[in-house]
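Reading through the structure tokens given below for one structure.
Both counts, for ligands and for their atoms, begin at 1 and track the order of listing. For the single chain, residues carry numbers from 1 onward in sequence order. For clarity, every value in this text was computed on a predicted model and none was experimentally measured.
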Amino acid sequence: MAAFTESRGSHLFSEFNIPFSRYLRILYASCVCFLVVSSIANGEVKRPRGVSLSNEPFYSNPESFTCLDGSAKIDRSRLNDDYCDCKDGSDEPGTSACPNGRFHCSNKGYKPKYIPSSRVNDGICDCCDASDEFKGNGAATCHNTCRELGKEETERRKKEIEMMNQGYEIRQEYVKQGKDKQGEREETLRRLKGERDEAMQVKADKEVLKNAAEAPERDAKDAHKAVWEAELGVKKEREDLETANRAFVELDTDHDSFVSFFEIQTHIEFDSDANGEISSEEAQAILGGVEQVDLATFITQIWPTIKDKFKFAPVEEPPTDQQPTGSPPAPIPDTPPFEDEDDYDEHMPADDDDYDDDEDDYDEDEDDREYLREQRYKHRKETTKEETKLEDEMPPYNQETQALIEVADQARKEFDEASSRFSDLEKLIEDIEKQLAVDLGPEQEFQAIQEQCFEMKDREYTYKLCPFDRSVQSKSGAETSLGKWDNWDGPDDNKYSRMRYTKGRNCWNGPDRSTTVLLKCGLENRLYSATEPEKCTYQFEFETPALCLTKTDVNAHEHTEL
Ligand code: MAN
């Protein structure tokens, strides 16, 4: 009796939200009423209609009734008299007089339940034992169907238990597989770490070899480049000299082997004050303050100061259908300002026999000479272009340097290979460590759904769940991320019943998309529902044997009374 009172007491306390002091009084009343209850059993006080067995003690006083919320005490005759006396409606459990009253159906053989007392005698069968319809139409039409419902329920429960038991067996398999897989992964991780350490050593050794091979290669290449740059310098100097000579020839229009200030005046690029003409003072200033300079002075003193400005006359095509005309070709000076005359000749373009400018040719017709001069300019221009191009390209390395490059190339190749092997191993280790860090359940049972995806269609969308990886929505082939694996999110006592996927694609004017997956026990792994309860917040439902946690004796349940 003590145990009965205690358990019922706490239940009632919360069920009716009764103040604690009132509760103590009720408790006292319950004890006092024990005798009365016994007498009820003897048929002395009848339990009012609509009162549950557990509430019976509160209705057992043969004289009076105290509302369950303590708001009033009334004569017992006013119970179920179709007039509402208690604020909580507790005096009218079996009529529809109180708007907040509750009618209790015992539903023997099925599940007892409460219905709002307003539904009593409304003509609609709410209780399977038909106890809510005892007057009027309902009394005639409602029959007790609790026994059949109870049978169906028992059958349903039995099937569910059988399913859960089968699921449990599958789960046992999952546990075994999961643990094996975890062992395999740990073993692979150990092996990879060993290989990674070796690869790191190989990489370090190959780096030493590479550095050793690259040092002589670098020295040889640098030496080669230095020689080439020196040669290039000399060539450029010679070219500059030649250009200076050509400029002198072009400027010396009266062929007196001097460039005079009036000859400078013909080159408008020297118009330093940009007034459209070059005064004799401007021209003399360009010649260093003198009236004229010879070739040597021009090359050494004047050319360096004017070469960036100086413009050669454009090369003109010789007329095709008539004899060329023009002034006689300018003589190439006899005495170049070089100590070594051969050196000069070597860097002057070789003249073709066709337009040799020997002194004898000066007897030729003036037009012919003009023609030859034009040809020579053309030739010079093209040759200079070609030479410049060639000079810009460094000549190939000699055999010895080439051999050093090959050795260094090989060393680099071996280092790169060692380096990428090391990186590959690092990546594999990182991946496997990530996998091992995932919580696959207390017994690794959820490993069975790792590394695979489950899909379902809902209207225009296909939803995909790749457990421990991502959640996706797709439409016409375009995928939208609904979140990446975050963590288990179930309540403390059922942590593995809910998963969270977060940080999916941002929702326009809203949060990042996210998914909650509710899991339950089922015979197969199946995504069977996908909804969007709030914009861009998705809820999936997934069944899996991994969550079939218990094995129940079906027969034991079969005999459990409802
Ligand atoms: C897409 C889908 C929907 C979502 C809207 C939000 O159409 O991802 O699920 O509600 O975007 O704009």
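- In this structure, K210 satisfies the cation-pi test against F415, with its NZ or CZ atom closer than 6.0 Å to the six-membered ring centre and inside 45 degrees of the ring normal.
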Going through the checks in order, is the side chain to side chain contact (heavy atoms under 4.5 Å, CB included) test met by E543 and K520? CA-CA 5 Å; E543 60 178 24; K520 67 165 194 166; 3.8 Å; yes

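- SG distance check for C86 and C67: under 2.5 Å.
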Full working for side chain to side chain contact (heavy atoms under 4.5 Å, CB included) between R470 and K464: CA-CA 8 Å; R470 68 212 151 97; K464 182 159 77 175; 4.3 Å; yes

Less than 3.5 Å apart, N/O on ligand 1 and N/O on the protein: could you list those pairs with the distances?
unit_1	atom_1	unit_2	atom_2	d
ligand 1	7 (O)	Y461	OH	3.1
ligand 1	8 (O)	Q473	OE1	2.6
ligand 1	8 (O)	R513	NE	3.4
ligand 1	8 (O)	R513	NH2	3.1
ligand 1	8 (O)	Y538	OH	3.2
ligand 1	9 (O)	Q473	NE2	3.0
ligand 1	9 (O)	E532	OE1	2.8
ligand 1	9 (O)	E532	OE2	3.4
ligand 1	9 (O)	Y538	OH	2.7
ligand 1	10 (O)	E532	OE1	3.4
ligand 1	10 (O)	E532	OE2	2.6
ligand 1	11 (O)	R513	NH2	2.9

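- The only option from E414, E417, K413 that meets the side chain to side chain contact (heavy atoms under 4.5 Å, CB included) definition with K206 turns out to be E414.
- Between F446 and Y496, the two ring planes are parallel [angle under 30°; tilted spans 30° to 60°].
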